[in-house]
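Worksheet for the structure shown next.
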Amino acid sequence: MNISVEAYARECAAQGLRGNYSVCRADFTVRQDYDYSDSEQEVWRILCDRQTKLTKRLAHRSYLDGVEALGLLERIPDFDEVSRKLRKLTGWELVAVPGLIPAEPFFVHLTNRRFPVTNWLRTKEELDYIVEPDMFHDFFGHVPALTQPAFADFMQQYGERASGAIELGGHDMISRLYWYTAEFSLIQEAGQPLKAFGAGLMSSYSELQFAVESPDAHRVPFEIETVMRTAYEIDKFQRAYFVLPSFDALRDAFRNADLATLIARHKDEPPLDPATV
């Protein structure tokens with residue numbers, strides 16, 4: 001990899017990010033070091049207990065199946081233990097990271113079916129909101145989805161194709177695809193009620209309810225070109241939620257997308273307003 005871990009660690013420290021980047025390996029992974037305090041274990045249980053009351057009602061069944069298969073809720077998860085279960089289901093495993101890592105190593109990990117999970121947890125004072133992703137967001141939000149074969153395949157494809165898309169000038173476009181699928185997607189299969197799936201929703205107490213239940217939420221049928229053209233919100237509720245018909249549809253749409261043509265057509269255009277798509 002061409003990115004200096006030391007330089008990135010200095011940049012993160014200057015930004016006030018709390019992860020310990022000084023102990024990163026060359027691929028930006030670290031040891032999990034399972035030495036969490038009683039207070040941290042309590043925060044994990046509070047977060048899981050509170051959020052599970054909602055996910056049982058509002059999350060897609062595949063997410064709930066993933067939680068049951070992996071056993072995530074009683075204590076802070078041991079990444080190695082969960083990886084053994086995940087490998088048997090879809091060939092994925094977890095790697096510990098100190099927080100956000102650069103795009104290039106992130107894509108390499110996804111390509112090799114390794115999902116980076118932050119090794120630290122928010123404090124009790126941050127139950128409702130945290131600026132940077134922590135273990136609860138990464139693990140509770142993302143990991144159950146990786147038990148689903150079609151979505152697991154999509155994530156690997158994303159890792160394989162994202163760097164090429166960026167080289168073509170499509171950084172914003174490929175980022176929007178991840179945001180609106182892996183983070184904030186809804187799903188409504190034929191004849192079934194609307195449910196939530198994305199990790200940003202799974203780990204958010206208030207936005208999960210808004211996205212699925214509020215009449216004010218703007219829900220849009222999934223279409224990959226529109227998704228890649230639509231702006232998104234970082235620090236407020238989304239003004240659009242794209243609704244997948246199935247994970248097979250997501251995987252196949254991305255697999256068949258002509259990214260070079262899409263990027264060439266739209267990379268220099270202003271993004272679409274999510275309120276009007």
Side-chain angles (χ1 to χ4, degrees), residues 18-20 23 29-100 109 113-149 151-152 155 182-185 187 195-209 211-212 247:
R18 74 182 71 178
N20 184 7
V23 295
T29 63
V30 295
R31 291 164 51 97
Q32 184 187 15
D33 288 332
Y34 199 97
D35 56 359
Y36 301 102
S37 67
D38 290 344
S39 176
E40 289 170 313
Q41 295 286 0
E42 181 186 10
V43 168
W44 180 262
R45 288 191 297 272
I46 291 171
L47 288 166
C48 289
D49 289 348
R50 185 176 71 165
Q51 200 67 10
T52 298
K53 292 176 183 176
L54 292 180
T55 57
K56 284 182 177 178
R57 186 174 88 247
L58 303 177
H60 187 254
R61 57 175 174 75
S62 61
Y63 172 87
L64 301 176
D65 289 346
V67 171
E68 184 175 354
L70 299 176
L72 311 179
L73 307 181
E74 294 78 16
R75 60 183 174 87
I76 291 174
D78 181 307
F79 294 177
D80 290 339
E81 180 183 316
V82 174
S83 289
R84 285 193 288 272
K85 298 177 182 178
L86 200 51
R87 286 189 202 101
K88 293 178 181 178
L89 293 168
T90 57
W92 279 76
E93 62 184 78
L94 309 181
V95 291
V97 293
L100 291 169
H109 286 307
R113 292 196 173 231
R114 299 189 299 260
F115 192 80
V117 177
T118 300
N119 67 343
W120 55 265
L121 185 64
R122 70 189 71 183
T123 66
K124 192 174 290 187
E125 291 71 35
E126 299 169 307
L127 291 179
D128 293 318
Y129 179 74
I130 186 168
V131 175
E132 51 185 311
D134 71 334
M135 187 194 306
F136 182 69
H137 169 82
D138 289 347
F139 203 106
F140 189 91
H142 283 287
V143 172
L146 295 173
T147 65
Q148 305 306 305
F151 188 78
M155 291 292 280
E183 295 288 355
F184 288 96
S185 59
I187 182 166
K195 297 292 183 178
F197 184 71
L201 295 176
M202 293 300 99
S203 60
S204 171
Y205 187 79
S206 53
E207 191 164 5
L208 174 56
Q209 296 174 84
V212 178
F247 298 123

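Because the structure is predicted, anything quoted here is derived from the model rather than measured. Only heavy atoms go into these numbers, but all of them, side chains included; no hydrogens, no water, no symmetry mates.
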### Message
Rounded at 0.5 Å granularity, tell me how far CG in Leu64 sits from OG in Ser62.
### Response
8.0 Å
### Task
Could you give me the CA-CA distance, side-chain angles and deciding distance for Asp78 and Arg84, then say whether salt bridge (charged side-chain N to carboxylate O under 4.0 Å, His left out) is met?
CA-CA 10 Å; Asp78 181 307; Arg84 285 193 288 272; 5.6 Å; no
### Message
Taking side-chain hydrogen bond (donor to acceptor under 3.5 Å, both in side chains) as the definition, give me every residue that meets it alongside Asp33, ordered by chain and number, with sequence neighbours left out.
### Response
Arg31
### Task
Let me see the working for Thr55 and Phe140 under side chain to side chain contact (heavy atoms under 4.5 Å, CB included), right down to the final yes or no.
CA-CA 11 Å; Thr55 57; Phe140 189 91; 4.1 Å; yes
### Task
Supply the atom-to-atom distance Gln32 CD to Leu94 CG, rounded to the nearest 0.5 angstrom.
9.0 Å
### Nearest non-hydrogen partners of Thr147 and Leu86, listed with the distance
CG2-CD1, 3.8 Å
## Note on the structure
Nearest heavy-atom contact between Asp138 and Phe115 is O-CE2, 4.0 Å
### Message
Do Thr52 and Val67 make a side-chain contact, defined as non-hydrogen atoms from C-beta onward lying under 4.5 Å apart?
### Response
no
### Task
Work out which heavy atom in Cys48 is nearest to a heavy atom in Leu72; give both atom names and the distance.
SG-O, 4.3 Å
### Message
Using the ring centroid of each side chain, check whether His60 and Phe151 are separated by less than 6.0 Å.
### Response
no
### Task
Grab the two heavy atoms, one from Lys195 and one from Ala59, that are nearest each other, plus how far apart they are.
CD-O, 3.7 Å
#### Entry: Whether Tyr34 and Tyr36 hold their rings parallel, tilted or perpendicular, with breakpoints at 30° and 60°
perpendicular
#### Entry: Donor-acceptor contact below 3.5 Å, side chain Arg18 vs main chain Trp120
no
### Message
Checking Thr29 against Arg114 for the side chain to side chain contact (heavy atoms under 4.5 Å, CB included) test, could you report, in this order, the C-alpha distance in whole Å, the side-chain angles of both residues, the deciding distance, and whether it holds?
### Response
CA-CA 11 Å; Thr29 63; Arg114 299 189 299 260; over 6 Å; no
### Message
Looking at every heavy atom in both His137 and Arg122, which two are closest together, and how far apart are they?
### Response
N-NH2, 4.1 Å
### Query
Is there a donor-acceptor pair closer than 3.5 Å between any side-chain N or O of Gln41 and the backbone N or O of Ile76?
yes
### Message
Can you tell me how far apart CG (Leu73) and CD (Glu68) are? Round to the nearest 0.5 Å.
### Response
10.5 Å
### Task
Check step by step if side chain to side chain contact (heavy atoms under 4.5 Å, CB included) holds for Val43 and Leu127.
CA-CA 8 Å; Val43 168; Leu127 291 179; 4.0 Å; yes
### Nearest-0.5 Å distance, CG of residue Leu47 to CD of residue Glu126
10.0 Å
### Query
Is the closest side-chain heavy-atom distance between Tyr129 and Tyr205 below 4.5 Å?
no
### Task
Evaluate side chain to side chain contact (heavy atoms under 4.5 Å, CB included) for Glu183 paired with His142, printing each intermediate quantity in order.
CA-CA 8 Å; Glu183 295 288 355; His142 283 287; 3.0 Å; yes
### Query
Which heavy-atom pair separates Ala199 from Ser203 by the least distance, and what is that distance?
O-OG, 2.9 Å
